[in-house]
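As the structure lists them, so they are numbered: ligands from 1, and atoms in each ligand from 1. Positions are given from 1, in the same order as the sequence printed here.
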Amino acid sequence: MELIFEQSVAGRGCSLLPDCDVPQVAPSKLRTAPPRLPEVSENDISRHYTRLAAATHGVNNGCYPLGSCTMKYNPKLNDELAALPGFTGVHPLQPEHTAQGCLEVLYKAQQVFCEITGMDAMTFQPAAGAHGEFTGLLLIKAYHESRGDTARKKILVPDSAHGTNPASATMAGFEVVNLPSGPDGLVDLEKLRAAAGPDTAGLMLTNPNTVGLFDPQILEITQIVHDAGGLCYYDGANLNAVMGVARPGDMGFDVVHLNLHKTFSTPHGGGGPGSGPAGCKAFLAPFLPGQTVEEGPEGYRWHQPEQSIGRVRAFHGNFLVVVKALAYVLSLGPEGILAASRGAVLNANYLRKKLSGVYKMAFDRTCMHEFVMTLEPEKADVHVTAMDVAKALLDYGIHPPTMYFPLIVHEALMVEPTETESKESLDELLHAFLEIHQRALADPEDIRSCPHTTQVLRLDEVTAARHPVVHYQWPQA
Ligand SMILES: *Cc1c(COP(=O)(O)O)cnc(C)c1O
């Protein structure tokens with residue numbers, strides 16, 4: 001496919017710029033050479049981007065069972081609401097009384113997401129999940145420091161954790177202690193007891209964890225950490241199995257982040273914008289970053305937390321993502337939120353059950369919103385790997401599951417169908433998985449060379465990761 005720059009023909013163009021409505025800058029500040037932009041007609045542009053869109057897989061094209069990413073269908077209604085001019089045209093420095101509607105959105109969002117997580121206060125400053133983790137860890141740090149408890153330098157992180165957990169803890173200045181999971185994929189209580197002590201700042205945990213299992217010992221886990229004087233951080237990036245069912249705050253957690261760009265109506269991936277709000281219990285609220293919203297006698301107003309850790313982002317975060325999330329929660333209502341979680345768990349278990357006679361499950365028990373299979377047997381028998389199965393799915397018009405994650409399962413494929421897939425579309429996915437398995441046994445070389453029908457076939461993954469070319473390379477003059 002030709003790049004837009006390669007389609008450029010000197011002198012062709014279609015600029016329809018509005019009249020300038022701001023003061024002109026001094027001529028000395030103007031650029032001397034025109035920018036090197038592609039010169040194309042409107043028709044060229046339209047065809048180019050339509051071709052690109054057709055070559056891109058999204059939830060609007062087909063199933064996207066990318067585990068730990070919750071690529072579900074997001075109702076267009078929420079985008080329409082976020083596009084209202086009252087939301088898009090507001091300036092973050094506008095006086096409070098001129099932006100009451102927007103402050104109300106943030107206030108309601110604070111309430112709704114505190115209710116869903118069992119927290120008391122929330123900030124919408126963080127722009128992504130990892131950013132929310134970093135923020136939450138700074139709250140934990142500020143809390144210990146405010147009490148003069150400066151020996152707490154360690155954060156306990158299970159080996160099944162998302163890679164961002166140890167990374168965020170390191171960024172926040174902590175030392176990471178790796179907790180090995182038991183053979184059942186859950187936290188090993190004895191190892192946790194041995195690791196928790198006077199140097200423990202806290203624990204970071206995902207529940208359900210990254211192998212899709214809910215840890216039934218959760219109350220004991222958080223108690224052990226609290227008894228040692230540490231705090232408990234809940235990685236709530238994937239709330240799709242528990243929203244409306246169980247709350248991190250009731251499980252003993254003190255801090256949580258959410259990925260609005262997974263569970264709450266903004267797609268995950270594609271470069272954003274996202275939102276990773278961080279919530280906390282009341283005793284941590286004075287440390288929150290930026291400003292939160294309060295309701296006063298004269299309406300909504302900004303509140304500056306007294307011992308704030310400072311800002312983690314400009315202004316109030318990615319506000320329009322919060323508008324979409326609030327619209328999503330309010331339009332579903334409590335019953336709808338519960339039904340979404342239940343549907344996500346049902347769909348995952350339907351697939352898991354139907355596949356489990358053919359593919360090997362990493363942990364063969366009831367899962368939450370996702371499950372993990374291992375291609376180790378196929379790799380040993382016919383040299384077909386998780387990567388090969390993922391590539392073969394592309395020929396069926398299906399986005400591959402997450403591969404080679406979590407790290408505790410070898411040859412992992414992590415499948416998250418989400419609640420927005422119908423039984424018919426789950427059956428199509430099943431058909432693809434089962435047929436690929438048959439083909440792999442009958443003619444492994446055929447599967448190893450997949451995909452056969454996509455625009456580009458097998459890519460050089462190493463070069464793509466190590467030396468990506470992400471902008472147009474101008475021919476040397
Ligand atoms: C996606 C995810 C994150 C990180 O979220 P980003 O927005 O990508 O930074 C953290 N933890 C878990 C369990 C996740 O699935």
*Does the side chain of N165 pick up a donor-acceptor pair with the side chain of D235 at under 3.5 Å?*
yes

*Sorted by chain and number, the residues that approach ligand 1 to under 4.0 Å with a heavy atom*: S68, A128, G129, A130, E133, H162, T164, D235, A237, N238, N259, H261, K262, H268

*Do H162 and F405 have ring centroids that are under 6.0 Å from one another?*
yes

_Quick check: closest heavy atoms across C114 and A121, and the distance to 0.1 Å?_
SG-N, 3.5 Å

*K154 side chain to F174 main-chain N or O, any donor-acceptor pair under 3.5 Å?*
no

*Sole residue of Y328, F264, Y107 in ring-ring contact (aromatic ring centres under 6.0 Å, His included) with F113*: F264

*With ring centroids as reference points, do H437 and Y359 lie under 6.0 angstrom apart?*
yes

